[in-house]
Amino acid sequence: MRAAIADTMRSEWTKFRSVPSNIPILLATVTVMVGAGALTAGRASGTYRAAGAAFDATHVSMYGGFLFAQISVGALGALAVTSEYATGTIRTSLTVVPRRGRLLAAKIWTFGLITLVMGEVAAFGSFLLGQTLIGAAGAPSAALGEPGVLRAVVGMGMIWSLVGLVGVALGCLLRNTMAATTAVTIVNFIIPIIGPRLMPAAVGDWVTVYWPISAGLQVTTTVHHADRLAPWTGFGLMTAFTAGLLLAAFAVFRSRDA
């Protein structure tokens, strides 16, 4: 069984890297996150004056870039599934690997590992460059050895992976690239970022605290706010949400015609 899954994962990796745009998009996404994070970090002096003791240098150096990166990561996850439906190669994949659960599991593991590795590269790159710029801007910078900092940076890479897997699940459920990409953008950007400003106050406050991506990002913070979930609690909520979507994707994929 392990050999069969490993073989299927190698096949999924081959399919992923054989699409000419996938690797350049991933590298560009890392660059965008680091670059946008640097711009945010460069303005840290003003942020520090406004936030005071609540200033979180670690989060500041990563969050600004992640806002843009998450859309690309989620869209790539959706495309990893929907591209096979668009080209009809899903039938070939199912002929080679008739056990649908194994095929989808291999796709999930492969894409999850890809986004985890690239997410950690982006997170550490954003953090290291960001702290240099934050210090140069006159604000207090953070070091990896300080309490909560390493957890926050590693956690950002883990959030990358979860966002990518949400994209995989939505791609499997919707089977259409435009629909899945739109859904990813709504779930991870529009609702948590724009939604609270347009919703009634009580609903907006609930979304700010409990919406999966909002809760999950608490693992990337080092300064805890009393009205937010604890870092690992928030990360657990996002993990549970992602797992629920993936279970739904498994159920649909195993019962629906290709």
Measuring only between side-chain heavy atoms, which start at C-beta, is Ile114 closer than 4.5 Å to Trp13?
yes
Please test Phe189 against Val184 for side-chain contact (heavy atoms from CB on, under 4.5 Å), starting from the C-alpha separation and ending with a verdict.
CA-CA 8 Å; Phe189 187 82; Val184 166; over 6 Å; no
For Trp206, give me all partners under ring-ring contact (aromatic ring centres under 6.0 Å, His included), at least two apart in sequence or on another chain.
Tyr210
According to side-chain hydrogen bond (donor to acceptor under 3.5 Å, both in side chains), who are the partners of Thr220, at least two apart in sequence or on a separate chain?
His59
Ignoring hydrogens and angles, write down the donor-acceptor pairs under 3.5 Å from the side chains of residues 16-40, residues two or more places apart or on other chains.
unit_1, atom_1, unit_2, atom_2, d
Ser18, OG, Thr14, O, 3.1
Ser18, OG, Lys15, O, 2.8
Asn22, ND2, Phe16, O, 2.9
Thr29, OG1, Ile25, O, 2.7
Thr29, OG1, Ser72, OG, 2.7
Thr31, OG1, Leu27, O, 2.9
Thr40, OG1, Ala36, O, 3.1

Sequence-distant partners of Val81, side-chain contact (heavy atoms from CB on, under 4.5 Å), two or more places apart:
Tyr85, Lys107, Val168, Cys172
Is there a chain of hydrophobic side chains (I, L, V, M, F, W, Y, each step under 4.5 Å between heavy atoms) that links Ile108 to Val187?
yes
Not counting sequence neighbours, which residues clear side-chain hydrogen bond (donor to acceptor under 3.5 Å, both in side chains) with Thr182? List them please.
none
Name every donor-acceptor pair, under 3.5 Å, that has one atom in a side chain of residues 149-156 and the other anywhere in the protein, sequence neighbours excluded.
unit_1, atom_1, unit_2, atom_2, d
Arg151, NH1, Val219, O, 2.9
Arg151, NH1, Thr221, O, 2.5
Arg151, NH2, Thr221, O, 3.4

Take Gln70 and Leu162 through the side-chain contact (heavy atoms from CB on, under 4.5 Å) test and state the conclusion after the steps.
CA-CA 10 Å; Gln70 65 174 335; Leu162 290 180; over 6 Å; no
Counting only pairs under 3.5 Å, give me each side-chain donor-acceptor contact of residues 234-245, with atom names and distances, residues two or more places apart or in other chains.
unit_1, atom_1, unit_2, atom_2, d
Thr239, OG1, Phe235, O, 2.8
Thr242, OG1, Met238, O, 2.9

No-hydrogen, no-angle side-chain donor-acceptor test under 3.5 Å, Thr222 and Glu146
no
Enter the distance from Ser141:OG to Leu128:CG here, rounded to the nearest 0.5 Å.
11.0 Å
How is the hydrophobic cluster of Val60 composed, in terms of its other members, when Ile, Leu, Val, Met, Phe, Trp and Tyr link through side-chain heavy atoms under 4.5 Å apart, directly or indirectly?
Tyr48, Phe55, Ile134
Measure from the side-chain N and O atoms of Trp211 to the backbone N and O of Gly204, and report whether any donor-acceptor pair falls under 3.5 Å.
no
Work out which heavy atom in Gly157 is nearest to a heavy atom in Ala123; give both atom names and the distance.
N-CB, 4.1 Å
With sequence neighbours excluded, residues passing side-chain contact (heavy atoms from CB on, under 4.5 Å) with Ala179:
Leu174, Asn176
Linked hydrophobic residues, Val223 as query - side chain contacts closer than 4.5 Å
none
So if you build clusters from Ile, Leu, Val, Met, Phe, Trp, Tyr with side-chain heavy-atom gaps below 4.5 Å, do Val163 and Phe111 land together?
yes
Are any non-hydrogen side-chain atoms of Asp56 and Tyr63 less than 4.5 angstrom apart?
no
Considering non-hydrogen atoms only, spot the tightest contact between Ala142 and Ala57 and give its length.
N-CB, 4.1 Å
Step by step, work out the side-chain contact (heavy atoms from CB on, under 4.5 Å) result for Leu246 and Leu104.
CA-CA 9 Å; Leu246 289 172; Leu104 184 55; over 6 Å; no
Residues two or more places apart in sequence or in another chain: which of them pass side-chain hydrogen bond (donor to acceptor under 3.5 Å, both in side chains) with Ser61?
Gln131
Got a sec, which residues hit side-chain hydrogen bond (donor to acceptor under 3.5 Å, both in side chains) with Thr177, two or more places apart in sequence or on another chain?
Thr82
